[in-house]
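Here's the structure we're looking at; comments come further down.
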Amino acid sequence: MSIPVPITVSDNRDSPRNPRGAVYIETYGCQMNFNDSEIVAAILKKHGWQITENPDRADVILLNTCAIREKAEERVKQRIRELQARFRRAHRQTLIGVLGCMAERMRKELIEQGYAEIVCGPDAYRSLPVLIDRAATGQEAVNVLLSREETYEDIEPVRLHSNGVSAFVSIIRGCNKMCTFCVVPFTRGRERSRPPESILREVRQLVAQGYREVVLLGQNVDSYRWVDNRTGQVVRFADLLGMVARLSPWLRVRFSTSHPRDMTEDVLAVMARYPNICKHIHLPVQSGSTRVLQRMRRGYTREWYLALIERIRQWLPDVAITTDIIAGFCGETEEDHEETLTLMEAVRFDQSFMFRYSERPRTYAQRYYRDDVPLEVKIRRLNEIIALQREHSLWRNQQEIGKIRRVLIEGTATRSANQWAGRTSQNKMVVFARDTRLHPGDYVDVEIVDCTSATLIGGRWRKVQDIQEPVHL
Ligand code: SAH
Ligand code: F3S
């Protein structure tokens with residue numbers, strides 16, 4: 001165990017007129033991590049640090065890390081070794097700090113193994129300015145205390161990763177689900193919801209700054225629950241969604257991630273009611289075999305998941321559904337794998353994130369199951385899943401051809417400077433010919449004329465003047 005660092009905030013440290021040096025932040029992993037880095041940037045700026053985009057100019061390098069799979073950790077270690085070699089060659093004294101899930105999982109080991117001078121877990125970011133000072137004077141700088149309350153509700157994130165159109169807003173931290181394969185409950189701690197007032201305040205500010213989209217984030221947004229101590233009033237996820245959606249019809253509202261077990265009918269009803277709540281649900285299934293799902297402790301069966309998909313499509317005929325799938329979990333037979341493929345065929349997901357199982361320390365699966373699917377079998381099964389998903393993604397996108405979709409322009413397409421790129425409500429990327437009359441943040445109704453498995457290609461378009469008008473050209 002590391003020794004907790006006392007959090008002392010002195011007044012002069014709070015002053016932005018007290019520049020201390022430059023910090024470079026690099027982020028790995030999920031959207032939540034990207035948002036956390038924005039919170040970290042806000043905390044450091046408040047304490048006089050500048051944020052730089054150039055690691056060679058930085059006095060401190062912070063890597064906000066992911067521990068979900070072994071490969072994610074390997075990548076970070078590799079990157080740190082690379083940075084260390086670079087600084088040695090340049091004779092620079094740069095402090096390296098590891099934040100996030102790897103910090104929480106490996107703790108002091110990261111310092112002992114020479115990867116970092118600073119180690120700071122996801123609930124300890126307020127102590128980061130103190131930790132940096134301690135490391136700078138050669139003292140131990142580790143804080144991996146998890147909290148039951150911390151939501152950083154009062155911190156206004158510095159938008160590092162934003163295109164000025166869309167912003168992440170965290171609404172709930174941690175996870176209580178304890179899926180047997182997953183390290184998140186150990187690295188991000190217990191579930192806790194952020195007060196609705198602070199969420200609404202942040203979103204209102206974003207709207208005032210011209211943002212047109214918010215993505216409400218949590219490991220499991222559907223278990224959002226806030227009880228007002230004075231009135232006893234309960235705000236659940238469906239209530240919160242409605243509150244955010246009502247702030248402005250010009251604001252698109254997205255959310256991620258939903259757990260099939262917690263997704264309730266009232267969330268679907270709210271989604272159906274508000275046109276500005278995007279018609280996209282990310283609903284990780286993990287496996288199509290009930291036996292495997294039970295070993296994963298996901299709390300649902302194959303049939304239950306398929307019935308949920310039915311209900312979702314009844315409420316929201318136009319919805320896009322995406323998922324996460326794990327290939328080769330402990331004890332997965334060829335038959336189980338076939339069931340994953342047939343479930344995919346039944347649902348035809350719009351997109352999936354697909355992984356091969358990676359054993360993680362401290363999880364139930366690591367302690368009680370054998371990681372018994374040989375690597376080459378995992379890889380083969382994963383490849384079959386990926387190939388099938390590609391067919392489905394293409395097929396889903398082909399269904400869009402000929403439709404007119406409302407697109408929120410995010411910026412220039414990555415592949416071509418002559419094209420605008422934006423998303424439909426279903427979270428599908430659309431590219432179409434650039435026109436100087438349009439700008440990022442504009443809504444346009446675009447006719448879909450072609451597609452690949454990843455992108456829709458738009459043709460004729462018309463700028464939306466009044467957001468309430470129906471989609472048309
Ligand atoms: N509820 C979370 C899930 C976090 S992890 C969210 O907000 O997205 C993201 C995905 O990683 C999981 O859904 C799962 O498919 C995958 N994953 C988690 N642990 C894994 C492991 N040990 N090996 C392989 N994939 C894993
Ligand atoms: Fe992990 Fe399951 Fe929570 S996948 S983040 S323990 S819902």
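Indexing begins at 1, ligand by ligand and atom by atom, following the structure's order.
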Task: Contact partition for P284 relative to ligand 2, non-hydrogen atoms under 4.0 Å - done: neither
TODO: Report the C-alpha separation of Y369 and F181 in whole Å, then their side-chain angles, then the decisive distance to 0.1 Å, and conclude whether the ring pair (Phe, Tyr, Trp, His ring centres under 6.0 Å) test is met.
DONE: CA-CA 10 Å; Y369 300 157; F181 53 82; over 10 Å; no
For [atom], what is the nearest protein heavy atom, given as residue, atom name and distance?
atom	result
atom 13 (O) of ligand 1	D324 OD2, 2.6 Å
atom 23 (N) of ligand 1	S358 N, 3.0 Å
atom 3 (C) of ligand 1	Q219 OE1, 4.0 Å
atom 3 (Fe) of ligand 2	C175 SG, 2.3 Å
atom 2 (Fe) of ligand 2	C179 SG, 2.3 Å

Numbered atoms and elements of ligand 2 in range of [X], under 4.0 angstrom, heavy atoms:
X	value
Q219	5 (S)
V184	5 (S)
K177	3 (Fe), 7 (S)
P185	6 (S)
R298	2 (Fe), 4 (S)
F181	4 (S)

Which bit of [X] is near ligand 1, meaning a heavy atom under 4.0 Å away: side chain, backbone, both or neither?
X	value
F181	both
R360	side chain
I68	both
R356	backbone

- [ ] Tell me, yes or no, whether the heavy-atom count around R313 atom CZ, taken from other residues, nucleotides or ligands under 6.0 Å, exceeds 12.
- [x] yes
Task: Greater than 12 external heavy atoms within 6.0 Å of R367's CZ - done: yes
Would you give me the side-chain donor-acceptor pairs under 3.5 Å for residues 352-359, sequence neighbours excluded?
| from | atom 1 | to | atom 2 | distance (Å) |
| --- | --- | --- | --- | --- |
| S352 | OG | Q389 | OE1 | 2.7 |
| S358 | OG | E70 | N | 2.9 |

Task: Side chains of M243 and V235 in contact at under 4.5 Å (non-hydrogen atoms) - done: yes
Open item on the list: Only heavy atoms of G218, strictly under 4.0 Å: list the atoms of ligand 1 that pass.
Closed with: 7 (O)
- [ ] Heavy-atom contacts with R69 under 4.0 Å: which atoms of ligand 1 show up? List them by number with element.
- [x] 11 (O), 16 (C), 17 (N), 23 (N), 24 (C), 25 (N), 26 (C)
TODO: Report yes if some N/O of T257 lies less than 3.5 Å from some N/O of ligand 1; otherwise report no.
DONE: yes
Open item on the list: Is there a polar contact, in the sense of an N or O pair closer than 3.5 Å, between Y357 and ligand 1?
Closed with: no
TODO: Go through H161 and F34 one step at a time and tell me if the ring pair (Phe, Tyr, Trp, His ring centres under 6.0 Å) criterion holds.
DONE: CA-CA 7 Å; H161 309 287; F34 281 83; 4.9 Å; yes
Task: R348 NZ/CZ over W395 ring centroid, <6.0 Å and within 45° of normal - done: yes
Open item on the list: Does R297 qualify as a cation-pi partner of Y364, given the criterion of NZ or CZ under 6.0 Å from the six-membered ring centre and within 45 degrees of its axis?
Closed with: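 Satisfied, under 6.0 Å and within 45°.
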Task: Residue pairs fulfilling salt bridge (charged side-chain N to carboxylate O under 4.0 Å, His left out) with at least one residue in residues 383-394, sequence neighbours excluded - done: R380-E384
Task: Donor-acceptor side-chain pairing of E213 and S166 below 3.5 angstrom - done: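 Yes.
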- [ ] Identify the two heavy atoms, one from R105 and one from P361, that lie closest to each other, and give their separation to 0.1 Å.
- [x]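 Of all heavy-atom pairs spanning R105 and P361, the closest is NH1-CG, 3.3 Å.
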- [ ] Apply the side-chain hydrogen bond (donor to acceptor under 3.5 Å, both in side chains) test between D318 and each candidate in K279, H280, Q426, K403; give the one that qualifies.
- [x]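 The residue from K279, H280, Q426, K403 that satisfies side-chain hydrogen bond (donor to acceptor under 3.5 Å, both in side chains) with D318 turns out to be Q426.
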- [ ] With D123 as reference, evaluate R148, R188, R192 under the salt bridge (Lys or Arg N to Asp or Glu O under 4.0 Å) test and give the passing residue.
- [x] R192
Task: Short N/O/S contact of C182 with atom 1 (Fe) of ligand 2 (below 2.8 Å) - done: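 Short answer: yes, at least one N, O or S atom is under the cut-off.
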Open item on the list: Quick check on atom 3 (Fe) of ligand 2: does H259 put an N/O/S atom closer than 2.8 Å to it?
Closed with: no
Task: Of the listed options K71, Q286, H282, R188, closest to atom 15 (O) of ligand 1 (non-hydrogen atoms) - done: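 Closest candidate by heavy-atom distance is Q286.
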Task: For F237, the option from F255, Y224, W226 that meets ring-ring contact (aromatic ring centres under 6.0 Å, His included) - done: F255
Open item on the list: Tell me whether S256 reaches ligand 1 (any heavy atom closer than 4.0 angstrom to a ligand atom).
Closed with: no
